[in-house]
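Only one structure is covered here, and it is reproduced in the block below.
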There are 2 protein chains.
Amino acid sequence: MIMLEKVNLLDAANATKGLYVYDAVGKLNGGVVSVVRVENRTLDFHVHEQSDELFFVLEGRFTVETDDGQVTLAPGEMVIVPKGMRHRPVVTSLVKVMQIELEGTLNKQNSGTLYEP
Amino acid sequence: MIMLEKVNLLDAANATKGLYVYDAVGKLNGGVVSVVRVENRTLDFHVHEQSDELFFVLEGRFTVETDDGQVTLAPGEMVIVPKGMRHRPVVTSLVKVMQIELEGTLNKQNSGTLYEP
């Protein structure tokens with residue numbers, strides 16, 4: 001018997017072990033749905049060659065910068081960074097985010113100090 | 001120059017042409033991110049053989065039934081129905097939902113009268 005389990009994304013983000021720690025909350029067609037809390041962190045520009053990347057803000061705000069501009073996301077807003085596009089997240093205050101990328105996409109270089117899939 | 005475009009998912013759901021009309025708001029690694037408004041509709045049990053299916057509630061509530069149980073989703077909650085699992089959405093009042101499936105998954109049989117990708 002396989003019961004479906006629902007996930008409250010904001011609760012899941014609040015339940016991660018700390019800032020910058022990703023929790024995988026689901027798998028979707030080769031992708032990983034994860035939640036994370038981040039505060040005051042700007043990652044280096046980077047590219048995911050194989051995977052598009054979806055960001056959806058649960059609480060707070062942050063900015064995604066690309067070579068051609070930037071977009072600031074508020075709660076309820078999402079953006080999809082196409083694979084191959086150089087980008088970096090710029091976080092200046094506490095933000096809680098849901099992300100989806102293909103499995104194996106996130107690592108210490110592109111996601112900060114910690115990743116616990 | 002490729003600018004990122006953000007999407008407010010609830011606004012997008014409110015902007016669809018009517019009830020039961022899916023709007024595709026993004027593409028993600030072979031999947032389609034879509035929004036839809038549904039009211040008082042129960043689809044037949046069905047299976048997506050090739051695709052997992054993510055449901056995320058933006059406003060309202062609805063229930064996903066499977067052979068082994070059911071789960072009722074409130075705003076901010078998501079569930080992923082694994083490919084191959086028989087299921088049906090049961091909607092008794094207005095609900096606004098974001099879904100993600102692999103491209104080509106939704107059709108009139110499994111999604112109701114209308115699908116405009």
Side-chain angles (χ1 to χ4, degrees), chain A residues 1-13 24-33 35 48 50-59 61-87 96 98-103 105, chain B residues 1-13 24-33 35 48 50-59 61-87 96 98-103 105:
Chain A
M1 202 160 98
I2 304 173
M3 299 294 292
L4 292 182
E5 275 187 50
K6 69 178 177 179
V7 178
N8 182 301
L9 292 178
L10 184 57
D11 288 352
V25 295
K27 296 201 172 190
L28 180 73
N29 298 318
V32 179
V33 182
V35 291
H48 306 297
Q50 305 302 325
S51 179
D52 304 327
E53 185 164 49
L54 183 154
F55 296 98
F56 176 72
V57 170
L58 304 166
E59 191 177 295
R61 281 161 204 276
F62 83 112
T63 297
V64 179
E65 289 185 1
T66 69
D67 291 333
D68 294 326
Q70 62 178 49
V71 59
T72 296
L73 300 177
E77 294 178 343
M78 73 150 203
V79 75
I80 297 172
V81 179
K83 64 183 174 186
M85 180 183 281
R86 231 168 66 96
H87 66 282
K96 301 171 184 178
M98 181 268 271
Q99 295 183 205
I100 308 178
E101 306 90 358
L102 291 178
E103 273 188 89
T105 298
Chain B
M1 203 160 98
I2 304 173
M3 300 292 295
L4 292 180
E5 276 187 49
K6 69 178 178 180
V7 178
N8 182 302
L9 292 178
L10 184 57
D11 289 350
V25 295
K27 297 202 171 190
L28 181 73
N29 298 318
V32 179
V33 181
V35 292
H48 305 298
Q50 306 301 326
S51 179
D52 304 327
E53 184 163 50
L54 183 154
F55 296 98
F56 176 72
V57 171
L58 304 165
E59 191 178 295
R61 283 162 202 275
F62 84 112
T63 297
V64 179
E65 289 185 1
T66 69
D67 291 331
D68 294 329
Q70 61 179 51
V71 60
T72 295
L73 300 178
E77 295 179 342
M78 72 151 204
V79 75
I80 296 172
V81 179
K83 65 183 174 187
M85 180 183 281
R86 231 168 66 95
H87 66 283
K96 301 170 186 180
M98 181 268 272
Q99 297 185 202
I100 307 178
E101 308 89 358
L102 291 178
E103 273 187 89
T105 298

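Here is the naming used below: chain letters follow the sequence lines, and residue numbers restart at 1 for every chain. Just so you know, these numbers use all the heavy atoms, side chains as well, and skip hydrogens, waters and symmetry mates.
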Against chain A, label Phe56(B) side chain, backbone, both or neither, depending on which of its atoms sit under 4.5 Å from a heavy atom there.
-> side chain
Distance-only criterion, 3.5 Å: show the donor-acceptor pairs between side-chain atoms of residues 1-13 of chain A and protein atoms not counting sequence neighbours.
unit_1	atom_1	unit_2	atom_2	d
Lys6(A)	NZ	Thr72(B)	O	2.9
Lys6(A)	NZ	Glu77(B)	OE1	3.0
Asn8(A)	OD1	Leu10(A)	N	3.1
Asn8(A)	OD1	Asp11(A)	N	3.0

Counting distance only, does the side-chain N/O of Asn29(A) pair as donor-acceptor with the main-chain N or O of Ser51(B) below 3.5 Å?
-> no
Pick from Gly76(B), Gly69(B), Gly30(B), Gly26(B) with the largest number of heavy-atom pairs that fall under 4.5 Å of chain A = Gly76(B)
Most contacts with chain A, counted as non-hydrogen pairs under 4.5 angstrom, among Val79(B), Asp68(B), Val25(B) = Asp68(B)
Examine whether an atom of Val81(A) lies under 4.5 Å from a heavy atom of chain B, and if so say whether it belongs to the side chain, the backbone or both; otherwise answer neither.
-> both
Options Ile100(A), Leu58(A), Asp67(A), Thr66(A), ranked by heavy-atom pairs under 4.5 Å with chain B, top entry | Ile100(A)
May I ask you to check whether over 12 heavy atoms, not counting those of Glu103(A), lie within 6.0 Å of atom CD?
-> yes
Mind checking salt bridge (Lys or Arg N to Asp or Glu O under 4.0 Å) for Lys96(B) and listing every partner two or more places apart, or none if nothing turns up?
-> Glu59(B)
Which pair of heavy atoms, one from Asp52(B) and one from Lys27(A), lies closest together, and at what distance?
-> OD2-O, 4.0 Å
